Amino acid sequence: MLDVRTLRDNYEEMKGRLSTRGGDLSVLDRFPEIDEKRRQLIQETETLKARRNEVSQEIAQKKKNKENADAIIKEMREVGDKIKALDESLRSVEEELETLMLSVPNLPHESVPVGKDEDENVEIRQVGERPTFTFEPKPHWEIGTALGILDFERAAKVTGSRFVFYKGLGARLERALISFMMDLHADQHGYQEVLPPYLVNRTSMTGTGQLPKFEEDAFKIREEDYFLSPTAEVPVTNYHREEILDDSDLPIAYCAYSTNFRSEAGSAGRDTRGLIRQHQFNKVELVHFVKPEDSYETLEKLTNHAENVLKKLGLSYRVITLCTGDLGFTAAKTYDLEVWLPSYDTFREISSCSNCEDYQARRASIRFRRDPNSKKKPEFVHTLNGSGLAVGRTMAAILENYQQADGSVLIPEVLRPYMGGIEKIEAK
RNA sequence: GGAGAAGUACCCAAGUUGGCUGAAGGGGCUCCCCUGCUAAGGGAGUAGACGGUUUACCCCGUGCGAGGGUUCGAAUCCCUCCUUCUCCGCCA
């Protein structure tokens, strides 16, 4: 959420910057009017309340002295009615303002390239060697199915499309990847390990920005107002919701493995085969809470941590900066990591690292106190999150990049300790 | 799932004939005095937060788990919800 005061004072400028995202900004047109109306109502109602408080004392006095207070009680009855009416208008205006503010995306950082859509994202760097094949490389779902480690057909029978069974060494490899990533981040990158709930409530989904605008993208539990978490960013960022942290607590860095669920509404027909776009997938997520002045430096670190996973796995990738038009709703700046997938003959997203600045912190009310003895107001932290990495897509990348002419797949060196020393997955 | 109890400020904890309690008392914390230092002792201070207004201070409003209601006025009365605890049942 943007700061209402800042928006009021820099309305035209901020509107201009927001428009580079390309979305519909017409909701903002109503802002000055609603904002003004709200403050006016507050003043009116508070003046009356101050008077009511005063007169209440008077009434108490008179009652105590056994004097007659009927006249002022009658007057106060009218004041009470007015207050009630004004409070009601105020409530509806505040609700309107809230709804409006929740539907306005974050302001892009000034370093973000202005652009219309993903075609205008800017490549920062390419890292690693792409494999060369003496044969036609196969897509990962063919490799995995042939090896008997992925079973899409039975998943479709048991559940539906966009689900998969991992089996045998495939299941083992998925588990190895999760452990490898978590160990790397926890032991070498300084993150604290977290295993969060997979169901989250509506307030949490609103705190990180999935709601209210993108409800159709999430799976909703029927009986409760719970959602299947689409990313560990939701539970882990909301872990500190409505808290005031101590200066000494920061920075905080969590790494969380979780299974994620997405409805993929609107993605019908895209990536229908393979592991790339599943309703359920595993992901290791990195989440930071930092002081505002540190967040951009942290974004670089966070991105490097995610890159490290790819480097150690020996996968070729590139880093791109999302342009304003491709930026996510809550992000001020985002780097995507895209891994090389031979069968696609292109790079595909495998991680997205974002600085949300104080946008989520304001929605979720996550603050910190710079000086415990100062009377100054607490400030909002900056939150960042990034995948480190999407495990299913990593599995796809390994199958494709490490495939051999005979249909087998080599296990990257760093994973072998997690695979009981196995070096290769072969057909039985 | 059934039965019961409770949610007051950093912590503990008073407070149901509604109005000198927006909150007693204790602990903790901060400052001062005393003491060579420490301990002990004495004194003073201590809602935080949000909103309006403001350069800032002051001021005003909200606030006793959350949200409604009754009332001139609610921590105190009524309703709904949430959370925690205890017992029973069930269960990975």
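Just so it is clear: chains get the letters A, B, ... in the order the sequence lines come, proteins before strands, and each one is counted from 1. Keep in mind that what you see is a predicted model, and the values were worked out from it rather than measured.
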Q: What is the pairing partner of U83(B), taking Watson-Crick or G-U wobble pairs with both distances under 3.5 Å in any strand?
A: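 The answer is A6(B), by the H-bond criterion.
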
Q: Contact class for Ile59(A) vs. all strands (heavy atom < 4.0 Å): base, sugar-phosphate, or nothing?
A: base

Q: Provide, to the nearest angstrom, the distance between the CD1 atom belonging to Ile42(A) and the C1' atom belonging to C50(B).
A: 11 Å

Q: How would you label the contact of Arg38(A) with the nucleic acid (heavy atoms, under 4.0 Å): base, sugar-phosphate, or nothing?
A: sugar-phosphate

Q: Can you tell me the distance, in whole Å, between the CD atom of Glu98(A) and the P atom of C50(B)?
A: 16 Å

Q: Expressed in whole Å, how much space separates the C1' atoms belonging to G18(B) and C12(B)?
A: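 The same atom, C1', in both gives a distance of 27 Å.
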
Q: Just N and O in the side chain of Arg39(A): are any of them under 4.0 Å from OP1 or OP2 of U53(B)?
A: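 For Arg39(A), the contact criterion (side-chain N or O under 4.0 Å from OP1 or OP2 of U53(B)) is met.
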
Q: Expressed as a whole number of angstroms, how long is the span from Asp87(A):CG to U62(B):P?
A: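 Whole-Å distance recorded here is 9 Å.
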
Q: Can you identify which nucleotide, out of U53(B), G68(B), C72(B), has its nearest atom closest to the Arg91(A) side chain?
A: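 Nearest to the side chain of Arg91(A) among the choices is G68(B).
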
Q: For Gln43(A) and for Pro378(A), find the nucleotide of RNA chain B with the closest heavy atom, then tell me which residue's nucleotide is more 5'.
A: Pro378(A)

Q: Counting just side-chain N and O atoms, does Arg52(A) come under 4.0 Å of either OP1 or OP2 of G61(B)?
A: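 Result: no.
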
Q: Between U38(B) and G26(B), how many Å separate the two C1' atoms, rounded to a whole number?
A: 25 Å

Q: For Ile83(A) and G69(B), give me the distance from atom CD1 to atom P, rounded to whole Å.
A: 13 Å

Q: Roughly how far apart, to the nearest Å, are G67(B) and C82(B) at atom P?
A: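 Pairwise P distance, G67(B) against C82(B), rounds to 15 Å.
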
Q: Taking only the C1' atom of each, what is the distance from U17(B) to A74(B) in whole angstrom?
A: 14 Å

Q: Could you check which of A49(B), G52(B), C72(B) has an atom nearest any side-chain atom of Arg5(A)?
A: G52(B)

Q: Base, sugar-phosphate or nothing for Lys62(A)? Non-hydrogen atoms, less than 4.0 Å.
A: nothing

Q: With a cut-off of less than 4.0 Å, is there a side-chain N or O of Lys84(A) near OP1 or OP2 of G68(B)?
A: no

Q: Can you tell whether the side chains of Asp225(A) and Lys220(A) come within less than 4.0 Å, N to carboxylate O?
A: yes

Q: Could you tell me how far G89(B) sits from A3(B) if I compare only their C1' atoms? Round to whole Å.
A: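 My reading of the C1' atoms in A3(B) and G89(B) gives 11 Å.
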
Q: In whole angstrom, what separates Phe380(A)'s CZ from A49(B)'s C1'?
A: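 For the pair Phe380(A) CZ and A49(B) C1', the rounded distance is 11 Å.
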
Q: Are Tyr254(A) and Tyr239(A), when compared by the centres of their aromatic rings, separated by less than 6.0 Å?
A: yes

Q: When the P atoms of G48(B) and A24(B) are considered, how many whole Å apart are they?
A: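 Per the computed distance, 14 Å lies between those P atoms.
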
Q: Roughly, in whole Å, what's the span from CZ in Arg367(A) to P in G48(B)?
A: 13 Å

Q: Expressed in angstrom and rounded to an integer, what is the separation of Glu75(A) atom CD from U71(B) atom P?
A: 18 Å

Q: I'd like to know if Glu264(A) pairs up with Arg162(A) as an ion pair, taking the criterion as any Lys NZ or Arg NE/NH1/NH2 lying under 4.0 Å from an Asp or Glu carboxylate oxygen.
A: no

Q: How far, in whole Å, is C77(B) from U16(B) if one measures between their P atoms?
A: 8 Å

Q: Under a 3.5 Å cut-off for both contacts, is C20(B) paired Watson-Crick or G-U wobble with anything, and if yes, with which nucleotide?
A: none

Q: How far, in whole Å, is C79(B) from A5(B) if one measures between their P atoms?
A: 14 Å

Q: Which base sits across from U46(B) as a Watson-Crick or G-U pair, both distances under 3.5 Å?
A: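 Pairing partner: G28(B).
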
Q: Under a 3.5 Å limit for both distances, which nucleotide forms a Watson-Crick or G-U wobble pair with G41(B), could you say?
A: C33(B)

Q: Applying the Watson-Crick and G-U wobble criteria at under 3.5 Å, what pairs with U53(B)? Answer none if nothing qualifies.
A: none

Q: Answer with yes or no whether Glu46(A) presents, from its side chain, a donor or acceptor under 3.5 Å of a partner atom in the base of G51(B).
A: yes

Q: When you match Glu54(A) and Ala60(A) each to their closest nucleotide on RNA chain B, which lands nearer the 5' end?
A: Ala60(A)

Q: Assess whether a salt bridge exists between Asp35(A) and Arg39(A), defined as any Lys/Arg side-chain N lying under 4.0 Å from an Asp/Glu carboxylate O.
A: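 Result for this pair is yes, salt bridge flagged.
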
Q: Tell me: CG of Asn53(A) to C1' of U71(B), nearest whole Å?
A: 14 Å

Q: Once you apply the 3.5 Å cut-off to both distances, tell me the Watson-Crick or G-U wobble partner of G89(B), or none.
A: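 By the stated definition (distances under 3.5 Å), nothing pairs with G89(B).
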
Q: Any salt bridge between Glu33(A) and Arg30(A), counting N to O under 4.0 Å?
A: yes

Q: Check this for me, if you would: do Lys291(A) and Glu293(A) make a salt bridge, where the nitrogen-to-carboxylate-oxygen distance has to be below 4.0 angstrom?
A: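 No, Lys291(A) and Glu293(A) are not salt-bridged.
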
Q: Check Glu98(A) with Arg38(A), please: is the shortest side-chain N to carboxylate O separation under 4.0 Å?
A: no

